[in-house]
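Since this is a predicted model, take the numbers as computed values, not measurements.
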Number of protein chains: 2
Amino acid sequence: MTFVGSSRLLPTAPRNARGQALDIIRQKIITLELAPGSQLSENELAGQLGLSRTPVRESLILLAEEQLVSVVPQVGTLVSPIVEAEIATSQFVRESLELAALSEAVYMVDAAQLAGLNALIAEQRVADERDDTELFFALDEQFHFALMNISQHGSAWRTVSQAKAHLDRARRLSLSLTQQMSTLIDQHQSIVDAVARGDSGAATDALRRHLRKVFDDIALIRAARPELFAPATPTRRR
Amino acid sequence: MTFVGSSRLLPTAPRNARGQALDIIRQKIITLELAPGSQLSENELAGQLGLSRTPVRESLILLAEEQLVSVVPQVGTLVSPIVEAEIATSQFVRESLELAALSEAVYMVDAAQLAGLNALIAEQRVADERDDTELFFALDEQFHFALMNISQHGSAWRTVSQAKAHLDRARRLSLSLTQQMSTLIDQHQSIVDAVARGDSGAATDALRRHLRKVFDDIALIRAARPELFAPATPTRRR
DNA sequence: ATACAAGTACTGCCATACAAGTACGCAAGT
DNA sequence: ACTTGCGTACTTGTATGGCAGTACTTGTAT
């Protein structure tokens with residue numbers, strides 16, 4: 001597993017044990033390697049990661065704040081099930097913030113930033129050709145961050161990224177992500193083109209269409225396989 | 001100090017030591033009882049609160065994630081200075097989310113919700129007459145939460161509340177909060193009136209004006225006393 | 001008086017031990 | 001067969017000790 005494009009903003013690797021544990025566990029939850037509803041154990045995770053309970057426990061507390069796990073005292077820690085309401089909230093947060101940032105960004109973008117965005121799109125085309133969804137997810141994260149960074153509100157990315165994590169996790173339920181990559185990349189291009197033209201309305205429209213597509217794809221998954229959402233009974237470990 | 005209207009949504013008191021420590025420390029930071037830039041110590045806080053270092057440390061980790069403190073390994077934990085960029089980001093997040101939620105809320109509000117909002121405004125008038133700023137802060141928090149809760153996005157309040165915490169802390173630098181309460185309450189009334197009329201544009205305009213006033217007040221403080229923002233040297237404890 | 005270096009007293013980080021509480025299985029009694 | 005009660009094996013919560021690294025202090029030499 002590569003941690004390129006992890007949610008942690010600074011690419012500098014987390015030098016302490018807690019940072020390592022947080023990144024690894026978080027990534028495993030988002031990629032569904034740790035199934036929604038499954039039970040975790042501080043002790044077991046500590047053993048697997050070769051750490052003591054302390055940094056693992058601190059990571060789980062942070063993940064609970066992010067709503068990715070829920071800790072029940074004296075009972076256990078559960079990977080949060082994928083709940084429609086949570087997805088809708090994440091979509092609302094992400095959409096509101098990205099759109100508001102982009103509407104300002106149109107008036108302050110420079111040539112270097114546009115070139116950077118186009119370069120990311122080119123890399124995404126490569127990822128598409130290789131059917132490398134992991135690479136695409138990482139580049140997608142970079143693209144949306146770069147877009148938001150044009151305005152002065154790049155430091156709000158932390159908030160957006162947390163919302164995006166819930167949406168990405170739900171997206172991974174889809175079996176055929178590879179078929180949608182080219183559409184998503186085209187939408188990326190439409191956004192950048194509108195920004196380059198200085199057309200604020202077209203840019204926000206294009207971004208809204210893009211984000212709504214992601215959300216609608218999740219709705220399609222839910223329609224096809226409702227059992228994947230909000231599993232009623234938590235999965236016990238043994 | 002009363003914890004009515006603390007940031008924790010559920011009024012159910014935190015039953016474990018970490019929850020207590022988190023609420024107390026957080027409140028002391030927001031109310032400036034713990035000065036921006038001042039140094040904290042896990043040991044010292046644990047002693048003051050009558051707890052061990054563990055729950056205190058876990059609280060500080062959560063506060064660091066919220067950007068209210070910054071932890072420097074082997075050096076110390078500092079209460080975050082009030083930095084203009086951080087304020088601007090918080091304003092951006094709060095404004096974007098509250099406005100987006102309100103624009104939807106106008107079409108789904110019912111009579112009971114309007115009555116609840118007006119009741120909160122009435123309470124705020126009382127707080128104004130008594131010059132009780134602490135009560136007003138609590139009621140203000142309740143009002144904005146109730147407003148956001150009309151739409152289906154009440155669960156995004158957690159995010160808004162974290163941004164609002166930074167703005168509230170900066171607001172407390174102002175010496176004359178009592179003189180502004182009546183204006184703020186009038187603006188609350190304008191928002192509710194517009195929502196009651198079903199006038200989406202007027203409602204969002206009124207809310208934007210309201211939130212911008214809060215932001216502009218902070219800018220005035222900064223203009224008058226720039227030394228309160230981003231203190232260059234951290235305050236050592238002895 | 002100044003520069004420098006060793007000492008010392010802190011810091012947060014991590015590991016570990018113990019405490020409190022819950023869930024489940026199994027056995028005894030009805 | 002079913003219910004009930006207890007024991008056991010887990011769970012997270014909290015306390016504490018030791019470690020490594022930083023900053024300030026103090027003594028010494030220049």
Side-chain angles (χ1 to χ4, degrees), chain A residues 8 12-25 29 34-35 37-80 232-238, chain B residues 8 12-25 29 34-35 37-81 231-238:
Chain A
R8 316 308 283 173
T12 57
R15 32 165 263 305
N16 57 9
R18 178 172 76 240
Q20 293 176 36
L22 179 60
D23 278 1
I24 293 175
I25 300 171
I29 292 174
L34 290 172
S38 62
Q39 185 176 357
L40 303 179
S41 158
E42 296 177 358
N43 263 320
E44 190 173 326
L45 286 170
Q48 291 171 3
L49 298 177
L51 304 169
S52 79
R53 269 185 61 207
T54 302
V56 171
R57 169 180 171 76
E58 292 168 350
S59 299
L60 291 175
I61 290 172
L62 286 170
L63 291 171
E65 182 67 20
E66 222 178 314
Q67 317 272 5
L68 284 175
V69 305
S70 76
V71 179
V72 184
Q74 276 68 40
V75 174
T77 302
L78 303 177
V79 178
S80 297
T233 57
T235 304
R236 308 286 303 181
R237 216 156 354 102
R238 90 193 65 221
Chain B
R8 317 308 283 170
T12 57
R15 32 166 265 305
N16 57 10
R18 189 203 328 153
Q20 294 175 37
L22 179 60
D23 277 1
I24 293 175
I25 300 171
I29 292 175
L34 290 173
S38 62
Q39 186 177 0
L40 304 178
S41 156
E42 293 177 359
N43 259 319
E44 191 173 326
L45 286 170
Q48 292 172 2
L49 298 176
L51 304 169
S52 76
R53 302 201 316 269
T54 303
V56 171
R57 168 180 169 78
E58 290 169 350
S59 298
L60 291 176
I61 290 172
L62 285 170
L63 290 171
E65 182 67 19
E66 226 179 307
Q67 316 272 359
L68 284 175
V69 305
S70 79
V71 179
V72 185
Q74 275 71 40
V75 174
T77 302
L78 303 177
V79 177
S80 297
T233 57
T235 305
R236 306 287 304 181
R237 222 159 346 106
R238 93 195 62 219

For this session: Examine the base of D:dG21 for any acceptor or donor lying under 3.5 Å from a partner atom in the side chain of B:Q74, and report the outcome as yes or no.
Result: no
Exercise. Does A:R18 get its side chain close enough to the base of C:dG12, under 3.5 Å, for a donor-acceptor pair?
Worked result: no
For [N], does OP1 or OP2 lie under 4.0 Å from any side-chain N or O of [X]?
X	N	value
A:S41	D:dT11	yes
B:T77	C:dG12	yes
A:R53	D:dT12	no

[X] [atom1] to [N] [atom2]: how many Å, rounded?
X	N	atom1	atom2	value
B:E58	C:dG12	CD	C1'	14 Å
B:N43	D:dT16	CG	P	11 Å
A:E42	C:dA19	CD	P	18 Å
B:L49	D:dA15	CG	C1'	15 Å
A:R57	D:dT11	CZ	P	14 Å
A:L40	D:dT11	CG	P	11 Å
B:L78	C:dC10	CG	C1'	14 Å
B:L45	C:dG12	CG	P	9 Å

Exercise. Heavy atoms under 4.0 Å, any strand shown: does B:L51 hit a base, just sugar-phosphate, or nothing?
Worked result: sugar-phosphate
When you measure from the side chain of [X] to the backbone N and O of [Y], does any donor-acceptor pair fall under 3.5 Å?
X	Y	answer
B:T77	B:S41	no
B:S80	B:Q67	yes
B:S38	B:L34	no

Problem set entry | Opposite nucleotide pairing with C:dA15, Watson-Crick or G-U, both atom distances under 3.5 Å | D:dT16
For this session: Give none if D:dT30 has no partner; otherwise give the nucleotide forming a Watson-Crick or G-U wobble pair with it, both distances under 3.5 Å.
Result: C:dA1
Seminar exercise, completed: When B:P73 and A:P73 are each assigned the nearest nucleotide of DNA chain C, the 5'-most assignment goes to B:P73
Exercise. Between B:I25 and B:L49, is any pair of side-chain heavy atoms under 4.5 Å apart?
Worked result: yes
Seminar exercise, completed: The reported gap from CG in A:D23 to CZ in A:R18 (rounded to nearest 0.5 angstrom) is 11.5 Å
Can you tell me which nucleotide in [options] comes closest to the side chain of [X]?
X	options	answer
A:T54	D:dT12, C:dG12, C:dT16	C:dT16
A:S52	D:dT22, C:dC14, D:dT12	C:dC14
B:Q39	C:dT11, C:dC13, C:dC14	C:dT11

